[in-house]
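Provided herewith is a single structure, encoded as structure tokens, for subsequent inquiry.
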Amino acid sequence: MTTTLDAPRQQYARRPAELLKAYLGLVKPRVIELLLVTTIPAMLLAARGIPSPLLVLSTLVGGTMAAGSANALNCVVDADIDQVMKRTRARPLVRHTVSNRHALVFGIALGAGSFLVLWLTANLLAAALAVATILFYVFIYTMVLKRRTAQNIVWGGAAGCMPVVIGWAGVTGGLDWPALVMFGVVFFWTPPHTWSLAMKYKDDYERAGVPMLPVVAEPVAVSRQIVAFTWLMVVWSLLLVPATGWLYAAFALATGVWFLVLAHLLHARVKRGVPAKPMHLFHLSNTYLMLVFVALAVDSALGLPVLGWPW
């Protein structure tokens, strides 16, 4: 059987188009979409209106550079894993279109650049949070948690929650409870999103020696955990209602009920031993997060009356 190890190595990319494609592969643009989906609404909520377009743009640029840095450095550390997983065999370091050294330098340069952009255009807190996110993702999640515990994505997923905090800090220069609630929404969203993907690619993770929950636990235990975290996510999303208007409240409740139904249906199918189609939940989890945060953005941009606390 032919494996990636047996396949001939490609030459490093020479043409500009090939080189651009290779470096784009290192930063994982599809993963960075989460940054755009969550950062802008967080900034709109922080301003309870529309903040300076220049501040929004510079925060997105700095945040994108930080996420790209973390992803590129992750590719360097995880090159051995990516080489044996079918889902990741097309990544630049596996195909040898970029050298490990160049990827390392690229990742570090992006991280330094993100700090400078955010410090000069937003504030020091936003810049420091971006660097802290990179360090946490690379040294805590990638190098320690990912290969050692089935709870890797639960705690390691905290890095993916940081864009909302960075966006809030970019506008206010500080941190307040709504930023922490938004952080929690993404935090509790991450396990159902990632575990549904891991259910599909269980064999890939097992072959790579990564103890994702579907690798070490029975399917029914995984789907039960997905349901539990989905409930936490939906309930937590409603904690943001006192800082928002009726539009966010309505969408958070409606989409939350919808996603809970999807999670319970997945669990029910797993319990019955019928094909569960976890990728259906994986793709729709992206839709859920987008709808919730777009509703938050529109609610904030329109400046709808804040519901406030009931007491």
Side-chain angles (χ1 to χ4, degrees), residues 1-13 18-35 64 66-108 110-111 133-134 136-157 159-160 190-216 222 277-283 285-286:
M1 179 180 295
T2 301
T3 66
T4 303
L5 291 173
D6 301 322
R9 295 188 175 189
Q10 293 190 8
Q11 295 294 320
Y12 296 142
E18 292 177 340
L19 201 59
L20 176 61
K21 183 179 180 181
Y23 279 98
L24 281 176
L26 286 176
V27 302
K28 305 177 186 177
R30 293 296 299 275
V31 176
I32 295 178
E33 288 176 3
L34 175 65
L35 168 75
T64 298
S69 169
N71 290 335
L73 295 174
N74 169 266
C75 284
V76 174
V77 177
D78 276 354
D80 59 326
I81 292 177
D82 290 344
Q83 188 167 260
V84 298
M85 292 180 64
K86 293 180 180 178
R87 188 172 62 87
T88 56
R89 285 180 179 176
R91 288 181 176 172
L93 296 186
V94 178
R95 295 174 60 86
H96 304 283
T97 51
V98 177
S99 71
N100 282 28
R101 177 179 296 180
H102 287 173
L104 178 63
V105 172
F106 178 63
I108 294 173
L110 278 179
T133 302
I134 297 170
F136 178 86
Y137 187 72
V138 175
F139 290 101
I140 303 300
Y141 170 66
T142 305
M143 298 182 70
V144 177
L145 296 175
K146 184 173 183 177
R147 303 182 188 225
R148 288 174 172 81
T149 172
Q151 296 297 305
N152 48 20
I153 198 62
V154 176
W155 305 110
T190 302
H193 172 75
T194 308
W195 285 336
S196 56
L197 176 71
M199 288 176 73
K200 169 69 173 179
Y201 292 101
K202 172 187 173 181
D203 293 341
D204 249 7
Y205 285 109
E206 189 171 15
R207 184 165 48 250
V210 178
M212 295 294 287
L213 187 63
V215 173
V216 301
V222 178
K277 299 180 180 179
M279 290 301 291
H280 183 64
L281 184 70
F282 170 77
H283 291 301
S285 67
N286 288 321

**Item:** R30: partners by salt bridge (Lys or Arg N to Asp or Glu O under 4.0 Å), with sequence neighbours left out
**Value:**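 So R30 forms a salt bridge (Lys or Arg N to Asp or Glu O under 4.0 Å) with E33.
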**Item:** Minimum heavy-atom distance I153-P191, with the two atoms named
**Value:**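 Heavy-atom minimum between the residues: CG2-CA, 4.4 Å.
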**Qualifying residues under side chain to side chain donor-acceptor pair (under 3.5 Å), relative to T142, sequence neighbours excluded** =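 Scan of T142 (side chain to side chain donor-acceptor pair (under 3.5 Å), adjacent residues dropped) gives N74.
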**Item:** L93 side chain reached by V98 side chain, heavy atoms, under 4.5 Å
**Value:**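 In contact.
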**Asked** Can you list every pair that meets salt bridge (Lys or Arg N to Asp or Glu O under 4.0 Å) and has a residue in residues 194-205, with sequence neighbours left out?
**Response**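 For residues 194-205: D204-R207.
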**Considering all heavy atoms, the nearest H193-S285 contact** =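 The answer is ND1-OG, 2.7 Å.
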**Request:** With sequence neighbours excluded, tell me which residues meet salt bridge (Lys or Arg N to Asp or Glu O under 4.0 Å) with E206.
**Result:**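 Partners of E206 by the salt bridge (Lys or Arg N to Asp or Glu O under 4.0 Å) criterion come out as none, since no residue qualifies.
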**Asked** Got R87 and L197 here, is their nearest side-chain heavy-atom distance under 4.5 Å?
**Response**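 In contact.
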**Asked** What pairs with A198 under side-chain contact (heavy atoms from CB on, under 4.5 Å), at least two apart in sequence or on another chain?
**Response**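 So A198 forms a side-chain contact (heavy atoms from CB on, under 4.5 Å) with Y205, M212, P214.
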**Asked** Which residues satisfy the ring-ring contact (aromatic ring centres under 6.0 Å, His included) test with Y23, sequence neighbours excluded?
**Response**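 Applying ring-ring contact (aromatic ring centres under 6.0 Å, His included) to Y23 gives F106.
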**Request:** Determine the minimum heavy-atom distance between A67 and I32, stating which atoms define it.
**Result:**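 Heavy atoms of A67 and I32 come nearest at CB-CG1, 3.9 Å.
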**Request:** Identify the heavy atoms of A103 and V76 that sit nearest to each other, and give their distance.
**Result:**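 Reported closest heavy-atom pair: CB-CG2, 3.7 Å.
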**Request:** Identify, with sequence neighbours excluded, every residue that meets side chain to side chain donor-acceptor pair (under 3.5 Å) alongside D80.
**Result:**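 Listed in chain order: R147.
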**Request:** Only counting residues at least two apart or in another chain, list the ones meeting side-chain contact (heavy atoms from CB on, under 4.5 Å) with V144.
**Result:**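 V144 satisfies side-chain contact (heavy atoms from CB on, under 4.5 Å) with R148 once adjacent residues are dropped.
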**Request:** Would you check if the side chain of T149 reaches a backbone N or O of L145 as a donor-acceptor pair within less than 3.5 Å?
**Result:**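 The answer is no, because no donor-acceptor pair under 3.5 Å joins these two groups.
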**Request:** Please list, chain by chain and in numerical order, all residues satisfying ring-ring contact (aromatic ring centres under 6.0 Å, His included) with F136, sequence neighbours excluded.
**Result:**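 Here no residue qualifies.
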**Request:** Give, for atom CG of L213 and atom CE of M199, the distance between the pair rounded to the nearest 0.5 Å.
**Result:**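 With rounding to 0.5 Å, CG (L213) is 9.5 Å from CE (M199).
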**Item:** Considering all heavy atoms, the nearest G68-L110 contact
**Value:**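 Scanning both residues completely, I find the closest heavy atoms to be C-CD1, 3.8 Å.
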**Item:** Short N-O contact, R91 and D78, less than 4.0 angstrom
**Value:**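 Between D78 and R91 there is no salt bridge, as every charged N stays at least 4.0 Å from the carboxylate O atoms.
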**Item:** Sequence-distant partners of A208, side-chain contact (heavy atoms from CB on, under 4.5 Å), two or more places apart
**Value:**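 I81, V84, M85, V210.
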**Residues in ring-ring contact (aromatic ring centres under 6.0 Å, His included) contact with Y141, at least two apart in sequence or another chain** =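 Checked Y141 against ring-ring contact (aromatic ring centres under 6.0 Å, His included); matches are Y137.
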**Request:** Give a yes or no answer on whether the side chain of T88 reaches the backbone of D82 with a donor-acceptor pair at less than 3.5 Å.
**Result:**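 Pair found, side chain donor or acceptor close to backbone of D82.
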**Asked** Considering all heavy atoms of both residues, which atom of A22 and which atom of P92 are nearest to each other, and what is their separation?
**Response**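 Heavy atoms only, the tightest pair is O-CG, 3.0 Å.
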**Request:** Mind checking side-chain contact (heavy atoms from CB on, under 4.5 Å) for L20 and listing every partner two or more places apart, or none if nothing turns up?
**Result:**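 So L20 forms a side-chain contact (heavy atoms from CB on, under 4.5 Å) with L24.
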**Asked** Under 3.5 Å, is there a donor-acceptor pair between the side chain of S69 and the main chain of I108?
**Response**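 Looks like no, no N/O pair under 3.5 Å.
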